[in-house]
Amino acid sequence: MSENDTGVRELNHGIFQIRGLNGSSHSYVIKGQYMNVMIDSGSDQNFPMLERGLFHIGLKVRDINLVINSHEHFDHIGANRYFQESAIIAAYRLAASKMVSGDYYVTMYKSNDLNEIPMRVHLWLENMTRIDLGNYSLRIFHTPGHTSGCISIIETTHALLFSADSVFAGGTLSYIAESGSVGDYIDSLTRLRYFGPQALYPGHGKISTTPIEDIDHAIANAQNILASKIDGGPEIFYQKSDEY
């Protein structure tokens with residue numbers, strides 16, 4: 001599970017993390033028997049890193065069949081434009097509506113990435129959607145909190161949690177975005193905990209082999225936000241993507 005100079009590490013057989021740089025999310029690639037899936041394309045400016053990573057694992061852009069966006073922020077969807085002509089782009093319906101309507105305020109796309117283009121979403125996901133890859137099985141969980149349209153993805157045969165920005169290693173929380181909610185965050189984390197994940201693959205920062213402890217710490221951090229009386233807003237727990 002070592003990382004090479006391309007920013008790629010194999011986390012499980014046929015499951016790869018391609019590191020995101022300069023604020024971009026990580027991308028996760030799953031080589032399935034039936035299709036190749038990418039979770040989050042990352043920011044537009046990180047695409048050269050992503051393309052090198054794909055080449056390292058023996059894939060080209062056109063070899064990705066399905067791109068699942070965990071939510072609508074530019075650092076997770078910005079490189080979609082390189083895939084949307086050859087792959088199906090999927091997102092939870094509340095994220096998809098913001099992407100296709102050009103809601104640049106919520107996506108933060110207009111001021112923080114290289115290109116302004118219409119975002120295509122070919123498949124609008126619902127909670128509990130199942131995607132069968134043959135060797136792996138993915139389950140979509142709607143986990144609002146960071147945003148209203150956030151999802152986490154669980155690989156059910158190995159109990160692997162692709163948490164995106166819902167929870168990071170060590171229990172670090174992302175910030176509460178414009179459409180987010182601390183109360184929803186706590187509810188989402190509680191539901192994820194009961195699934196009993198064995199590994200945590202977040203959108204930013206380090207992976208973790210202690211996801212239950214991480215989720216418990218994250219719930220405590222979210223409860224602290226609710227209890228905060230600090231002028232100017234609560235403390236934000238955020239892990240930068242370049243931390244390893």
Would you please say whether a donor-acceptor pair under 3.5 Å links the side chains of [X] and [Y]?
| X | Y | result |
| --- | --- | --- |
| K98 | S148 | yes |
| Y28 | Q17 | yes |
| D40 | S27 | no |

Can you check whether H204 and H76 have ring centres sitting under 6.0 Å from each other?
yes
Which of these passes side chain to side chain contact (heavy atoms under 4.5 Å, CB included) with L200: L192, T210, D214, T209?
D214
Using modelled atom types and a 3.5 Å cut-off, is there a donor and acceptor pairing between side-chain atoms of [X] and backbone atoms of [Y]?
| X | Y | result |
| --- | --- | --- |
| S24 | L21 | no |
| N221 | G171 | yes |
| H26 | G20 | yes |
| N46 | S43 | no |
| K206 | F168 | no |
| E155 | I153 | no |
| R191 | H142 | yes |

Which class fits the ring pair H73 and Y175: parallel under 30°, tilted 30 to 60°, perpendicular over 60°?
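Plane angle under 30°, so parallel.
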So Y201 and F162, would you call those rings parallel, tilted or perpendicular, with 30° and 60° as cut-offs?
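It falls in the perpendicular class, over 60°.
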Can you confirm whether [X] sits close enough to [Y] that some side-chain heavy atom of one is under 4.5 Å from a side-chain heavy atom of the other?
| X | Y | result |
| --- | --- | --- |
| V67 | I88 | no |
| L125 | I68 | yes |
| L50 | M38 | yes |
| N69 | M99 | yes |
| I140 | E126 | no |

List the residues meeting side-chain hydrogen bond (donor to acceptor under 3.5 Å, both in side chains) with R52, not counting sequence neighbours, and say none if there are none.
none
Should E85 and R120 be marked as a salt bridge (charged side-chain N to carboxylate O under 4.0 Å, His left out) after you check the CA-CA gap, both sets of side-chain angles, and the distance that decides it?
CA-CA 9 Å; E85 298 297 335; R120 299 182 191 173; 2.9 Å; yes
Would you please test S174 and H146 for side-chain hydrogen bond (donor to acceptor under 3.5 Å, both in side chains) and show each step?
CA-CA 6 Å; S174 190; H146 172 53; 3.2 Å; yes
For atom CD1 of I212, decide whether the heavy atoms of other residues, nucleotides or ligands shown that lie under 6.0 angstrom number more than 12.
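Yes, the 6.0 Å shell around CD1 holds more than 12 heavy atoms from other groups.
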If we check side-chain hydrogen bond (donor to acceptor under 3.5 Å, both in side chains) with T143, which of these qualifies: S188, S163, S166?
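Only match with T143 under side-chain hydrogen bond (donor to acceptor under 3.5 Å, both in side chains): S166.
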Tell me, please, which residues at least two apart from D132 pass side chain to side chain contact (heavy atoms under 4.5 Å, CB included).
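By the side chain to side chain contact (heavy atoms under 4.5 Å, CB included) rule, D132 matches Y34, R130.
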